[in-house]
Amino acid sequence: MAKLINGKQISAQLLEQVSVQVQQLKDNHGVTPGLAVVLVGEDPASQVYVRNKIHSAAEAGIRSVEHRLSADTSQAALDELIDKLNRDSEIHGILVQLPLPAHLNEDDVIAAIDPLKDVDGFHPLNSGALAAGQSGLVPCTPLGCMIMLQQTHGDLSGMTAVVIGRSNIVGKPMAALLLQANCTVTIAHSRTRDLADVCRQADIVIAAVGRAQLVTEDWIMPGATVIDVGINAIELDGRRKLVGDVDFNSVEPIAGAITPVPGGVGPMTIACLMKNTLSAARMQLSIPD
Ligand code: GUN
């Protein structure tokens with residue numbers, strides 16, 4: 001039976017550490033970190049994520065401001081809001097919830113955010129810094145996965161890791177972080193040949209494809225660590241249920257350690273957003289970590 005990597009517990013500890021440091025920033029520098037969360041349209045999943053982010057900000061002592069825009073908001077109107085937030089000295093972090101409605105250009109929106117306020121770590125300056133092994137703001141989900149892996153294993157040096165998925169939000173930055181931690185990294189995706197065989201070679205499997213229960217027991221080397229980034233809604237016995245990209249029930253008996261869904265990666269992502277907002281505030285005030 002695998003060790004359960006408890007994202008709920010680890011994220012609560014991280015959030016507690018962040019809230020202590022937020023309080024220190026207030027006491028020593030008179031500054032409250034401010035986070036602007038922008039939601040365009042009414043995507044139900046995005047609404048839940050944004051609500052959770054606002055809730056966690058309050059828990060960490062971070063001031064959050066929510067901007068809800070209608071689904072038909074123009075690129076110019078969104079650019080104007082981002083420009084205003086970039087110039088607002090009380091806002092240290094800007095998050096535009098993705099996906100955006102199809103008529104908006106996500107790349108342009110991300111590029112418009114001040115890289116110092118880019119708490120998602122999606123701006124090309126931050127993703128470039130990560131690829132080059134330089135410091136910068138790091139995307140929250142991969143950062144949360146790394147914290148869980150380091151708590152589970154300590155040093156990851158020399159381990160083999162397969163990341164399934166090549167998105168800019170998870171797959172690519174995840175691979176860069178694993179490489180920085182001296183893992184031997186493979187990025188697999190929908191066109192990878194013999195995907196199950198490739199995964200079965202890995203000490204660490206990160207599933208980030210968005211396909212419900214794709215990864216089954218025959219994909220996993222006995223004793224491997226499995227991190228499940230997926231959140232997929234499925235119908236089971238007439239009920240709606242959230243499941244990951246990993247078939248938990250079949251994989252859990254043979255894995256060495258595994259994250260559950262829910263209660264694994266999800267809460268870590270949100271705690272890392274608060275960590276990044278604190279880091280962004282410190283960077284803007286030139287206060288070292
Ligand atoms: N949509 C899904 N994940 C994310 C994320 O980490 N940040 C933003 N802004 N949107 C998302």
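Both counts, for ligands and for their atoms, begin at 1 and track the order of listing.
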(message) For atom 10 (N) of ligand 1, what is the closest protein heavy atom, and at what distance to 0.1 Å?
(response) Leu98 N, 3.0 Å
(request) Check each atom of ligand 1 against the heavy atoms of Leu95 and keep those under 4.0 Å away; list them by number with element. (result) 9 (N)
(request) Could you see which bit of Phe122 sits under 4.0 Å from ligand 1, with heavy atoms only: side chain, backbone, both or neither? (result) side chain
(request) Record the part of Val96 in heavy-atom contact with ligand 1 below 4.0 Å; permitted values are side chain, backbone, both and neither. (result) backbone
(message) Determine whether a donor-acceptor pair (N or O, by modelled atom type, separation under 3.5 Å) exists between the side chain of Asn86 and the backbone of Ile113.
(response) no
(message) How long is the straight-line distance from CE of Met159 back to NE2 of His153, given to the nearest 0.5 Å?
(response) 4.0 Å
(request) Looking only at protein heavy atoms, identify the closest one to atom 7 (N) of ligand 1 and say how far it is in Å. (result) Asp120 OD1, 3.0 Å
(message) Give me each pair satisfying side-chain hydrogen bond (donor to acceptor under 3.5 Å, both in side chains) with a member in residues 11-23, each pair once, sequence neighbours excluded.
(response) Gln23-Asp27
(message) Salt bridge check, Asp83 against Arg87: does any charged N sit closer than 4.0 Å to a carboxylate O?
(response) yes
(message) I need the nearest protein heavy-atom contact for atom 3 (N) of ligand 1: residue, atom name and distance, please.
(response) Ile169 CG2, 4.2 Å
(request) Applying side chain to side chain contact (heavy atoms under 4.5 Å, CB included), run through Val209 and Val215 and close with a yes or a no. (result) CA-CA 10 Å; Val209 262; Val215 178; 5.8 Å; no
(message) Quick test: of every protein heavy atom, which one is nearest to atom 11 (C) of ligand 1, and how far off is it to 0.1 Å?
(response) Gln97 NE2, 3.4 Å
(message) Counting neighbours of CD on Glu80 that are heavy atoms of other residues, nucleotides or ligands and sit closer than 6.0 Å, is the number greater than 12?
(response) no
